[in-house]
Amino acid sequence: MKQKKGLIIVLSLAMVTIILLLGIGGKRYMDRKKTDTNFENQRKAALALRKEEPHMTKIEFTSEGSRPGIGIPWTVGAKVTLDDEVFNMSVEADGDYSINLGKDENNYKSNKLKEIKNKKVTEHDLKVIYSNGKSEEIK
């Protein structure tokens with residue numbers, strides 16, 4: 001009888017251990033998959049934004065990006081350089097974006113953006129710096 005109870009306890013502990021290990025492994029897998037998707041989305045966002053803003057010479061992602069809520073698309077923060085002027089933006093994977101202007105720089109940045117957009121676009125490479133620190137040059 002004591003052997004049966006001991007065997008049941010050992011088997012129960014083994015099952016709990018297996019379930020915990022599977023749960024931890026599954027979470028790590030899903031986190032890695034989410035991170036890979038975020039980096040793919042960062043690249044898509046850079047390429048799509050380049051079509052919208054051809055004056056862009058550099059984009060540095062300041063976060064991995066996320067889908068903040070129901071109905072809200074994947075969005076990431078980035079420092080975007082347009083004609084040597086840096087703008088803080090929220091960028092979506094499809095290239096939609098919003099520029100985050102502070103109180104002090106509101107008029108200056110708005111005027112500067114209009115000025116940049118009126119300039120003739122010259123062909124140039126795009127430097128992309130991902131949130132993990134890796135970078136690439138896109139022709």
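Worth knowing before you read on, the calculation uses all heavy atoms, side chains too, and leaves out hydrogens, waters and symmetry mates. By convention here, the first residue in the shown sequence is residue 1.
In this structure, CZ on F87 lies 12.5 Å from CE on M56, to the nearest 0.5 angstrom.
Clustering ILVMFWY residues whenever any of their side-chain heavy atoms sit less than 4.5 angstrom apart, transitively, puts V128 in the very cluster that holds L47. A single hydrophobic cluster is seen to contain both F61 and F39, as judged by linkage of ILVMFWY side chains at heavy-atom distances under 4.5 Å, directly or through other members. I138 and I129 fall into different hydrophobic clusters, where Ile, Leu, Val, Met, Phe, Trp and Tyr side chains are chained together by heavy-atom contacts under 4.5 Å. At a threshold of 4.5 Å between side-chain heavy atoms, the hydrophobic network of Ile, Leu, Val, Met, Phe, Trp and Tyr places L82 and L126 in one connected group.
Put simply, the residue from Q42, E64, E136 that forms a side-chain hydrogen bond (donor to acceptor under 3.5 Å, both in side chains) with Y130 is E136. The one candidate from I99, L49, T57, V86 that meets the side-chain contact (heavy atoms from CB on, under 4.5 Å) condition with V80 is L49.
Annotation: side chain of K112 is in contact with side chain of E115 (closest heavy-atom distance under 4.5 Å).
Nearest heavy atom pair, residue I59 against residue A78, reads CG1-CB, 3.8 Å. Scanning all heavy atoms of the two residues, the minimum distance from G65 to N38 falls at O-ND2, 3.3 Å. Taking each heavy atom of H124 and T122 in turn, the nearest pair found is ND1-O, 2.6 Å. Shown here for A45 and V91, the closest heavy-atom pair between the two residues is CB-CG1, 3.8 Å. Between S63 and S131, the closest heavy-atom pair is O-CB, 3.3 Å. In this structure, H55 and K119 approach most closely via the heavy-atom pair NE2-O, 3.0 Å.
Taking the side chain to side chain contact (heavy atoms under 4.5 Å, CB included) definition, one finds that K51 meets it with nothing, sequence neighbours left out. In terms of the side chain to side chain contact (heavy atoms under 4.5 Å, CB included) criterion, residue partners of K117 (sequence neighbours excluded) are, by chain and number, E53, Y97, L113. Partners of E123 under the side chain to side chain contact (heavy atoms under 4.5 Å, CB included) rule, at least two apart in sequence or in another chain, do not exist in this structure.
Panel note: side chain T75, backbone S90; no donor-acceptor pair is recorded below 3.5 Å.
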